[in-house]
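What follows is a single structure, written as structure tokens, with notes after it.
FYI, the numbering just counts along the sequence from 1. The figures that follow rest on heavy atoms only: side chains count, while hydrogens, waters and symmetry mates do not.
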Amino acid sequence: MASPVSLQVWRAHQRSSSPRLNTKPLFRHQRSPFTSLQRRCLSSTRSRSQGQSFRQKLDEPRWTKPLLYSLVGANILVFGAWQYAKEPGAPRGMLARMMRTFTISWHNLQQGRWYTLITSCFSQMSLAHLAANLITLVSFAPLVMQVVGNTRFLSLYMAAGLSGGVLQLASNAYYRQDTPALGASGSLSGCLMFCACVAPNLQIGLFFVIPMPIKVAIPLLVCWDVYHAMSPQSGIGGAAHIGGSLTGIAYYLLIRQRLRYGGRLR
């Protein structure tokens, strides 16, 4: 039997002579080239999941009225700001700031104020304009929300407003004028046209007075809008209405295959 000392020497010799695997990294701070990419992918996946979760919550029926009231409140708030800006005691330059912030024109776009394509969708300067748009909003927005959900309604509202503003700017360029435009009429025209595509036999009041099916009222309204679009001095943005209506039709054609009869989107 080997002595304890010789056994220790033999074990030490074995440890020194046997090859070892170098488990340390070649460089102290070496990292995988895919680490940052994987991190970005993980972050985007989390963002998508969070966005879907928020969308699902917003599409719950309990948020339909708060969303509708928020849109109504935003329009009323901007209308109140317009009225205050026109008062003699308003802060100096407030009316000019309102024109720069809540109207669309080529001048505003040239100055980099592209956001006016959105803010103008919540802007009415006269009480009659505000009342007509709010009545239309309260009448038809719940129907669109019932069919497509709250978030898709909001996307339709904004898309129709944007396309209406763009077509109104194109009309101004064609007639060589740059009259500032404002109003939610483009957005509401999109919602109205979408309702006509989904429920053509829906009974409405033309100009809030004459009862008729929406499939009969829409052609009359389109003729009305075309007339005003060809009469730029009329003071009514017919081109914006037409742009919003075209968006409503396009949106319906985009999702009609996914609609369930009498229900919301799948």
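A distance-only check finds no donor-acceptor pair linking the side chain of S123 to the backbone of T119 [under 3.5 Å]. At distances below 3.5 Å, not a single donor-acceptor pair connects side-chain atoms of T101 with backbone N or O atoms of M98. Looking only at distances, no side-chain donor or acceptor of Q124 sits under 3.5 Å from a matching main-chain atom of L130. Judged by distance alone, with hydrogens and angles left aside, the side-chain atoms of S105 form no donor-acceptor pair with the main-chain N or O of D178 at under 3.5 Å. Without hydrogens or angle criteria, N150 side chain to L67 main chain gives no donor-acceptor distance under 3.5 Å. Here the side chain of T136 pairs a donor or acceptor atom with the backbone of A132 at under 3.5 angstrom. Judged purely by atom type and a 3.5 angstrom limit, S155 uses its side chain to pair as donor or acceptor with the backbone of R152. Side chain of Q177 to backbone of S171: no donor-acceptor contact under 3.5 angstrom is found.
Considering CD1 of I118 and CE of M158, their distance stands at 4.5 Å, rounded to 0.5 Å. Rounding to the nearest 0.5 Å gives a distance of 10.5 Å between OH of Y69 and OG1 of T64. Taking CD1 of I204 as the start and CG of L143 as the end, the distance is 11.0 Å to the nearest 0.5 Å. Here the straight-line distance linking atom CD1 of I218 with atom CE of M212 works out to 11.0 Å at 0.5 Å rounding.
No more than 12 heavy atoms of other residues, nucleotides or ligands shown are found within 6.0 angstrom of CE on M230.
Residues passing the side chain to side chain donor-acceptor pair (under 3.5 Å) test with S189: none are found, sequence neighbours excluded. Applying the ring pair (Phe, Tyr, Trp, His ring centres under 6.0 Å) test to F122 and every residue at least two apart in sequence or in another chain returns Y157.
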- Steps toward side chain to side chain contact (heavy atoms under 4.5 Å, CB included) verdict (Q203, I214): CA-CA 6 Å; Q203 292 289 321; I214 193 172; over 6 Å; no
- Test side chain to side chain contact (heavy atoms under 4.5 Å, CB included) applied to R100 and Q111, step by step: CA-CA 9 Å; R100 291 194 298 266; Q111 296 297 317; over 6 Å; no
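Taking the six-membered ring for Trp and thresholds of 30 and 60 degrees, W224 and Y227 have ring planes inclined between 30 and 60 degrees apart.
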